[in-house]
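What follows is a set of notes on a single structure, which appears directly below.
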Amino acid sequence: MNGPEQETPPALRHGRAPGAWPLLGHLPYLATRPLSFLDSLPGHGDVVRVRMGPRTAHVVSHPALVRRVLTDRRSFDRSGVLYEKVRALLGNGLATCPNAEHRDQRRTLQPAFHHSLMDRYAAVMTAETQALTARWRPGAVVDVTEEAFRLTTAVAVRTLFSAGITARAAEELREALEVLLRGVYTRVVAPAVDRVPSPARRRYRRALARWRTGVAAIVAAYRAAGMHHGDALSLLLAVRDEHGRALSDTELGDQVATLVLAGAETTSSVLAWALRLLADHPEAAGRLHRELDAVLAGEPVTAADLPRLPYTADVVREALRLYPPAWAITRTTIRETELAGLPLAPGSIVICCLYLLHRRRELFPDAARFDPDRWAAGEAPRDAWLPFGLGATKCVGDVFGTVEAGLALAAIASRWHLTPVSPRPPRPVPRIVLSPGPQPMRLAERVP
Ligand code: HEM
């Protein structure tokens, strides 16, 4: 749906980030101290021009402007270099297609996220969290970021293809997916890695081939069974274009790969951040433990418990505020427009920086502080909390991701104490997803 023609509210300012280097612009800051560079931007205006090599990006963090950019689809399209690169690597899917194809793709996939399916998905989430933590041993050190990613990729494989897949096949696909997704991030940032033969390139290519043959085998089994399993793959198999043509195996593989690309590292990051924030804030961890002990009484958590775990939900909400995994949503202008009085020619890059939006001091008191209580106290403006975006392309997996993060957090925190091996604060890594980077933590069992 096209958004209404909107004007930027008055009194918003535009500016330019100072200190651009010749040729490189602000890239050196983004490479060496990205978050403190970002933090400095609102001081220069509500729309700030940042030079990334030869390109200029317009960074937006004011709530009215973010809203405008995400909903005015006649002016701002989901296209541009980043999307083209991801599409070239992983194919066209709901999370990567331009506006023109979006409506049909969204209509196709939306039913896979219907709330009636959520209990089934939640059962997979709890089973996979149990399988993950069953490998943990007291006293051992695990990288929480990697473990969370292992969990979300396993859940993705198990929910996308819900029928007739063996544990071994699922694990092989999960492994391929992990290499693939990591590889996509590297290739978006440094496309040159694919030009030079290396073990990493071989691994990536092998994973891509394994993913494609694995998905093709599952697709063949689904087609042979001729049944609708009510999962994303069954929905995609039923799609026909105006000529009655079904999606090819490659197109199906690309659709599911981009779905996982959008869902796996986002959800794993928020879980890893939440675990780290709790380790650094013992009082909040104590509150969470008390809630979990009182509600679960030593039993494993299920989706039915979630409504009775409001503090757990607020921890996830607060982690999503401080470290929104989709920290920068990019758009390209497709016609002349303006933002805060700054004229923008077609083809201009605009970045909605959710990381900055969520830390605006006039919106969130003591904005840099991890304070899950701000949500229950009603002092946080919910309409300025946009970790899942807005408008027609708002995250289709918002409930899925929230339920997964909440269940995994409850399951882990009720049974385990996690202590960071290093007391140094994590150094967030803003790639496509704002990841906490490696988080080695020592495990201790917790008796509820
Ligand atoms: C906490 C976890 C998650 C966060 C923070 C998140 C965030 C986002 C954001 C901000 C967008 C909007 C992007 C845009 O407008 O360009 C988006 C879109 C999307 N997300 Fe998520 N996401 C999460 C989990 C998931 C999960 C679990 C799935 C799938 C299982 C998923 C699938 C998608 C897809 C397919 C889109 C594109 C939707 C469309 O264009 O219609 N996400 N996500």
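Remember, it's 1-based here, ligands and their atoms both numbered in the order they're listed.
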Test item: Ser61 and Leu41 side chains (from C-beta on) under 4.5 Å apart, heavy atoms: no
Min heavy-atom dist Tyr83 to ligand 1 below 4.0 Å: yes
Location of contacts on Glu404 toward ligand 1, heavy atoms closer than 4.0 Å: neither
Arg287 bridged to Asp314 by N-O distance under 4.0 Å: no
Top protein contact for atom 6 (C) of ligand 1, by heavy-atom distance: Phe388 CD2, 3.7 Å
Minimum heavy-atom distance Phe161-Trp211, with the two atoms named: CZ-CH2, 4.1 Å
Electrostatic pair Glu171:Arg168 at N-O distance under 4.0 angstrom: no
Lys/Arg-Asp/Glu bridge criterion (N-O < 4.0 Å) met for Arg212, Asp254: yes
Any Arg331 heavy atom less than 4.0 Å from ligand 1: yes
Taking every non-hydrogen atom, the tightest pair across Leu278 and Ala285: O-CB, 3.7 Å
Polar atom proximity, Thr267 to ligand 1 (N or O, under 3.5 Å): no
Which of the ligand 1 atoms, numbered from 1, are nearer than 4.0 Å to a heavy atom of Arg106: 38 (C), 39 (C), 41 (O)
Tyr323 six-ring centre to Arg359 NZ/CZ under 6.0 Å and within 45° of normal: yes
Atoms of ligand 1 close to Pro325 [distance to a heavy atom under 4.0 angstrom, numbered from 1]: 5 (C)
Nearest non-hydrogen protein atom, atom 40 (O) of ligand 1: Arg78 NH1, 2.5 Å
Backbone of Gly437 reached by a side-chain donor or acceptor of Thr145 within 3.5 Å: yes
Residue, atom name and distance, where the atom is the protein heavy atom closest to atom 12 (C) of ligand 1: Thr393 O, 3.4 Å
4.5 Å side-chain heavy-atom contact, His58 and His14: no
Protein residue, atom and distance nearest to atom 30 (C) of ligand 1, heavy-atom basis: Phe113 CE2, 3.5 Å
Student check: side-chain heavy atoms of Trp327 and Leu38 closer than 4.5 Å: yes
Distance from atom 26 (C) of ligand 1 to nearest protein heavy atom, with residue and atom: Gly263 CA, 3.3 Å
Ligand 1 atoms in contact with Ile329 (distance to a heavy atom under 4.0 Å): 10 (C), 14 (C), 16 (O)
Residue and atom name of the nearest protein heavy atom (relative to atom 7 (C) of ligand 1), distance in Å to one decimal: Pro387 O, 3.4 Å
Atoms of ligand 1 close to Phe400 [distance to a heavy atom under 4.0 angstrom, numbered from 1]: 27 (C)
Which residue and heavy atom of the protein sit nearest atom 21 (Fe) of ligand 1, plus the separation: Cys395 SG, 2.3 Å
Ligand 1 atoms in contact with His102 (distance to a heavy atom under 4.0 Å): 39 (C), 40 (O), 41 (O)
Per-atom contacts, ligand 1 versus Gly397 - under 4.0 Å to a heavy atom: 24 (C), 25 (C), 26 (C), 27 (C), 28 (C), 31 (C)
Side chain to side chain, Arg321 and Pro387, heavy atoms closer than 4.5 Å: no
Proximal ligand 1 atoms for Leu259, defined as those under 4.0 Å from one of its heavy atoms: 35 (C)
Lys/Arg N to Asp/Glu carboxylate O, Arg150 vs Asp143, below 4.0 Å: no
Nearest-neighbour protein heavy atom for atom 32 (C) of ligand 1, which is reported as residue plus atom name and distance: Ala262 CB, 3.6 Å
